[in-house]
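What follows is a short report on a single structure.
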Amino acid sequence: MVELCSESCHQIVIDKDQTVENCESKASPNAVRELFEENTDSMDEDTLSNMNPEISPAEGPTLPILQKVINLSNSVQHLKKEHEILSNQVKSFPGHDVVGTLQLLNDEYQLLKKKYLDESSERKRLYNEVIELKGNIRVFCRCRPLNQAEIANGSSSVVEFDSSQDTELQIVSSDSKKQFKFDHVFRPEESQEAVFALTKPIVTSVLDGYNVCIFAYGQTGTGKTFTMEGTPDNRGVNYRTLEELFQVSGERGGVMQYELFVSMMEVYNEKIRDLLGENSNQPTKRLDVKQAADGTQEVPGLVEARVYNTQEVWELLKSGSRARSVGATNANESSSRSHCLLRVTVRGTNLINGQKTRSHLWLVDLAGSERVGKIEVEGERLKESQFINKSLSALGDVISALASKTSHIPYRNSKLTHMLQSSLGGDCKTVMFVQISPSNADLGETLCSLNFASRVRGIESGPARKQVDLAEVYKYKQMAEKLKHDEKETKKLQDNVQSLQLRLAAREHICRNLQEKVRDLESQLAEERKTRLKQETRAFSAAAAASTRSFLRQETEKTKMEKKPPLVPTKLRQPLRKITNFMPPASPMPTNRKTTRITMASVPEAKENNLKTMMAPRRNSIAVRPPTTTTAVRQPKRRVSIATFRPYSHMTTPLRSSTSGFNHSSTMDRPSLMRDPRKARYSRLFSPLPKLPNPSETTPAAMRSSSKFMGSPPMQVGSWKPKHPTVVALPRKSLVWSPLKLRGTQRKQSFLPLRPSAERE
Ligand SMILES: Nc1ncnc2c1ncn2[C@@H]1O[C@H](COP(=O)(O)OP(=O)(O)OP(=O)(O)O)[C@@H](O)[C@H]1O
């Protein structure tokens, strides 16, 4: 309303005279005021000052206000347009250029990432290749300084180092000088850092998925535990290794995700003890080495602690060390009486390609290889020493076997070698620290250790192989096996379905054949019925004609030769009882000629009727008279009449309803049968056959009970026998079966319900 008004006003500005009138006529004063108040707020001072100066005060007080309203309306329109433009800009943000730039940056990022991955894998490959070239089994020799006791004893050093060669040392005795060469020789003054600096490259291989084993070997008191564990102020390889692993895994965090697990155990007297799971309140768990499904060696039940930082590692190492079996020997006050094994499990996941790795790093501090006789132990210590020597001997055998490349490596001869099976030789990286004492008193032990280490160094192991997560491999193997099994099952089911389909097809074929046979038989049956009906019709006509001729001849003779007897009074005549069906009262061929003569001759009307009846179909020929006074027993007759075999009154036929009994058949049925004898025949064909009474039981009563003419007078002996030709021509037979009988001696199976043989008879 207001806008309309403002638009009107806008038009009318040109024509000032009409403006007022038009505006006032279209907008109410309140609406104009409303518009004004609304737009005044958003109107700046310039707009107000630039109000139409053309309007003079003489034109009345309304005009300036209207002018103001017009201006405000214009500014509102303008602001709306601006708002629309800004809205569109906001909607289309970011623009195509921004999206394009982002796309370019993304492509560049993907390219760089790919390059980085390629470079990273190349670096790893080269790095490990360098290590392999240097040897997957690295042997470092470390010589401890002479301890206070040895200095006090005046022991001298037998080890000489070459200042220009840090890989060689010489063992100088009074009568010989023997040189040994290793990957590196650490002098007594060299620090823990220097030792770890050379160890670090191999240690970090575990993060690339390689199995690594670092172990310290040597005579008791030569500094094995010092090298591996160190002291709180001078930490050894174990702690530094884990520190390094945390650092490197942190650096690779963008590409790789690592999980570190630590286990700690000892092999004491050929028994495995879990150093992290040991609790004084609980009995010692019996652990054993088992081969896992993926082929690796596992210790079921061993505690595997997840570690997240070096502090946790240090706490674990301290706790494990405390649990370790130590004892005092005359060579070392706190001699390790067992092999201590620290296992670090690294699970790596490549965040870019999803590849998973699982590798082990073994850090082993072996028990001292002392000579039993020299250290003068007895009792428990002696037993311990024997076990230690036995296991070290097994380790030596394994290393010898690896060096000689024999087919059988005796890993299972000791718990130690069995556990380290997947990390000794083969496709893993190994570092051995051979610890020696400089003292001339330990010369023999030192030579033994150096010889052993030299043998180890001589092992030419194959190239290290990157370890994929064997659990994953095993999982995929199982999946593949399951797939194979499923495929087998599917194939079996498909075969079954195929065989069932074949069987179904065969059965369908049989069904089709049977249906065709049924159709054939039905058509044959129909043909036979037609033929039969034709024959019967012909026979019936012939019989009717013969009967008529015979009757006429008889009647003519009678008329000539005999005087007509007087008519029997109507009252004396026996009434016809139970005119069954539609049969005429007289039989065509009565046996008692006299009786028939009387009956037939005495009724002229009946004669005429008889004549008509004779011309009708054969079944009109049967009528039964009421019983006479005779008491003679009726003799059984096989063939009383065709009508005797009519179905029971409760049966239904096409010509008779079940409610209308035979005796009460309506007169309506007669004409129909008279007209269509085929129907009557059909009725007989499909009506069930009554049982014939046993001859011995064929008393009048039995006859009555079995007869269709229930209540009819009993027939006298010697009463007329039907000699109607139809009776002879139509024996009581089932027409249904006759065609089949004609076709062969063997009776064929019918698809219609069979009638008992007695009935068929
Ligand atoms: N390189 C070294 N620098 C200084 N001290 C060392 C060095 N190596 C060993 N020691 C000292 O020698 C002593 C014995 O060392 P350690 O216990 O590590 O020997 P070990 O080989 O483990 O003996 P055992 O087999 O009996 O356990 C320790 O007191 C240790 O501090």
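We count ligands from 1, going down the list as the structure has it; atoms in each ligand are counted the same way. Residues: numbered from 1 along the sequence shown.
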Qualifying residues under ring-ring contact (aromatic ring centres under 6.0 Å, His included), relative to His184, sequence neighbours excluded
Phe186
Under 4.0 Å to a heavy atom of Arg142 - the qualifying atoms of ligand 1, by number:
1 (N)
With respect to Phe226, determine whether any N or O atom, backbone or side chain, lies less than 3.5 Å from an N or O atom of ligand 1.
yes
Using distance alone, determine whether Gly221 and ligand 1 share an N or O pair under 3.5 Å.
yes
Has the side chain of Thr406 got a donor or acceptor atom that lies under 3.5 Å from a matching backbone atom of His408?
yes
Salt-bridge test for Glu298 and Arg343: reply yes if a basic N is under 4.0 Å from a carboxylate O, no otherwise.
yes
Which of the atoms in ligand 1, numbered in the order shown and given with their element, are less than 4.0 Å from a heavy-atom of Arg144?
7 (C), 8 (N)
Does one side chain, of Ser321 or Glu229, offer a donor that lies under 3.5 Å from an acceptor on the other?
yes
Option set Thr220, Thr227, Val195, Asn234, criterion heavy-atom distance to atom 26 (O) of ligand 1, minimum:
Thr220
If we set the cut-off at 4.0 Å for heavy atoms, which region of Pro145 has an atom near ligand 1: side chain, backbone, both, or neither?
side chain
Which atoms from ligand 1 have a heavy atom of Gly368 less than 4.0 Å away?
25 (O)
Return the orientation label for the Phe182 and Phe180 ring planes: parallel under 30°, perpendicular over 60°, tilted otherwise.
parallel
Are Tyr239 and Trp314 close enough that their ring centers fall under 6.0 Å?
yes
Is ligand 1 less than 4.0 angstrom away from at least one heavy atom of Thr222?
yes
